[in-house]
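The shown structure was predicted, so the numbers you read here are calculated from the model rather than taken from an experiment. All values below were derived from every heavy atom in this structure, side-chain atoms included, with hydrogens, water molecules and symmetry-related copies excluded. In the text below, chain A, chain B and the rest are named by the order of the sequence lines, each starting its count at 1.
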There are 2 protein chains.
Amino acid sequence: MNPMVASSESAVETAPVAKTVQLSRARRAAILKALADPHRLKLLERIAASTCPLGCAEALSTLAISPATLSHHIKELEAAGLVHVERAGKFIHLSLRTEVWSALVASLAALGQPRSTRR
Amino acid sequence: MNPMVASSESAVETAPVAKTVQLSRARRAAILKALADPHRLKLLERIAASTCPLGCAEALSTLAISPATLSHHIKELEAAGLVHVERAGKFIHLSLRTEVWSALVASLAALGQPRSTRR
DNA sequence: TCGACATTTCGACAGCTATCGAATTGATTA
DNA sequence: TAATCAATTCGATAGCTGTCGAAATGTCGA
């Protein structure tokens with residue numbers, strides 16, 4: 001895990017009451033890079049659409065990829081801080097980090113509004 | 001220019017009154033792919049922040065890249081439908097397609113809201 | 001018409017990344 | 001304890017992509 005994500009991660013973690021957290025440029029870039037792969041985007045969409053944490057079996061049935069590739073993609077999404085991975089015995093469960101997602105959306109929304117005060 | 005972007009482009013063009021247009025999944029994926037490069041993201045931010053169309057000279061002064069590389073990135077952003085490129089003699093001017101951007105933001109916002117009715 | 005300038009195209013290249021099969025690791029169960 | 005299963009790691013590979021210098025193209029002005 002690189003230090004940039006880790007430090008931003010703790011910033012998000014220590015501000016749980018904040019609905020929308022400010023993303024650094026580096027963080028934004030890292031997240032957008034993680035979203036560049038079509039399979040990863042589809043996986044994230046599937047995770048987001050799930051009312052409960054998603055298992056690998058279900059993820060695999062959504063995407064036509066090997067377990068190895070899924071593992072790789074999950075790792076990328078986790079590294080980008082987009083998903084939370086919880087292990088339960090042999091199984092893992094994936095959920096969207098909604099606060100990070102909201103921060104991204106807000107960040108991108110602000111980009112399209114050049115007249116607002118921005119640093 | 002690939003037919004996917006072209007057809008979505010005309011849909012956007014023919015609906016100028018619509019503040020937020022629905023993006024197809026493919027379109028969304030294509031845009032996010034275009035945003036994956038840090039230089040391209042920075043360029044888009046610079047374009048968005050500009051109150052008037054941005055010239056190449058200004059873009060080059062923002063990014064420490066060669067003119068050839070800038071040209072490549074511009075082409076990518078244009079192909080993704082994110083920017084409008086206008087030629088004025090020897091010069092070109094870049095502007096953000098705000099309606100596409102808004103559609104992207106809306107699209108991503110909807111992704112983070114699994115309980116809303118989505119197709 | 002030629003020179004200057006802005007921008008693009010071209011070709012090469014290095015680095016990145018998605019993908020997979022096989023091996024490995026870890027948890028569970030009989 | 002061994003077998004089964006879920007998931008990860010590892011190594012290899014093919015394709016992708018950002019980057020650049022050089023050449024080419026197009027515009028403008030003298």
Trainee: Does the side chain of Arg87(A) get closer than 4.0 angstrom to OP1 or OP2 of dG26(C) through an N or O atom?
Mentor: no
Trainee: From Lys33(B) NZ over to Ile31(B) CD1, what is the distance, rounded to the nearest 0.5 angstrom?
Mentor: 13.5 Å
Trainee: Would you tell me if any nitrogen or oxygen in the side chain of Ser66(A) comes within less than 4.0 Å of OP1 or OP2 on dT19(C)?
Mentor: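 No, no such contact exists.
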Trainee: Please determine whether a side-chain nitrogen or oxygen atom of Ser71(B) lies at a distance below 4.0 Å from atom OP1 or OP2 of dT7(C).
Mentor: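 No, outside the criterion.
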Trainee: Which of these nucleotides, dC20(D), dT7(C), dA6(C), is closest to any side-chain atom of Lys90(B)?
Mentor: dA6(C)
Trainee: With nearest nucleotides of DNA chain C determined for Ala88(A) and His72(A) from heavy-atom distances, which residue corresponds to the more 5′ nucleotide?
Mentor: His72(A)
Trainee: Using a cut-off of less than 4.0 Å, is there contact between a side-chain N or O of His73(A) and OP1 or OP2 of dT17(C)?
Mentor: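 Answer no for this pair, as no side-chain N or O of His73(A) is under 4.0 Å from OP1 or OP2.
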Trainee: Distance check needed: dG18(D) P versus Lys42(B) NZ, whole Å only.
Mentor: 17 Å
Trainee: Can you tell me if the side-chain N/O atoms of Lys75(B) get under 4.0 Å from OP1 or OP2 in dT7(C)?
Mentor: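 Answer is no, no contact under 4.0 Å.
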Trainee: Ile65(A) or Ile74(B): which one's nearest nucleotide on DNA chain C is closer to the 5' end?
Mentor: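 Upstream on the strand: Ile74(B).
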Trainee: Between Glu45(B) and Arg25(A), is the closest basic N to carboxylate O distance under 4.0 Å?
Mentor: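 The answer is yes: the pair qualifies as a salt bridge.
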Trainee: In this structure, how many angstroms lie between the C1' atom of dG18(D) and the CG atom of Leu70(B), rounded?
Mentor: 13 Å
Trainee: Locate the shortest heavy-atom distance separating Leu108(B) from Leu32(B); write the atom from each residue and the value.
Mentor: CD2-CD1, 4.3 Å
Trainee: Give the rounded distance in Å between these two atoms: CD of Glu76(A) and P of dC16(C).
Mentor: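 So the two atoms are 13 Å apart, to the nearest Å.
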Trainee: How far apart are the C-alpha atoms of Arg46(B) and Glu58(B), what are their side-chain angles, what is the distance that settles it, and do they pass the salt bridge (charged side-chain N to carboxylate O under 4.0 Å, His left out) test?
Mentor: CA-CA 9 Å; Arg46(B) 182 65 189 80; Glu58(B) 200 136 6; 2.9 Å; yes
Trainee: Using side-chain heavy atoms (C-beta onward) and a distance below 4.5 Å, is Ile92(A) in contact with Cys56(A)?
Mentor: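 Yes, side chains in contact.
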Trainee: Distance check needed: dA6(C) P versus Leu94(B) CG, whole Å only.
Mentor: 15 Å
Trainee: Report the distance from atom CG of Asp37(B) to atom P of dC16(C), rounded to the nearest whole Å.
Mentor: 13 Å
Trainee: From CD of Glu86(B) over to C1' of dA6(C), roughly how many Å is that when rounded to an integer?
Mentor: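 Answer to the nearest Å: 16 Å.
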Trainee: Quickly work out the Leu32(B) CG to dT17(D) P distance and round it to whole Å.
Mentor: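 Leu32(B) atom CG is separated from dT17(D) atom P by 14 Å.
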Trainee: Rounded to whole Å, please give me the gap between CZ in Phe91(A) and C1' in dT28(C).
Mentor: 9 Å
Trainee: Return the nearest nucleotide to the side chain of His39(B); candidates are dT9(C), dT17(D), dT19(D).
Mentor: dT19(D)
Trainee: What is the nucleic acid contact for Ile92(B), judged by heavy atoms within less than 4.0 Å: base, sugar-phosphate only, or nothing?
Mentor: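 Ile92(B): backbone/sugar contact only, no base atoms under 4.0 Å.
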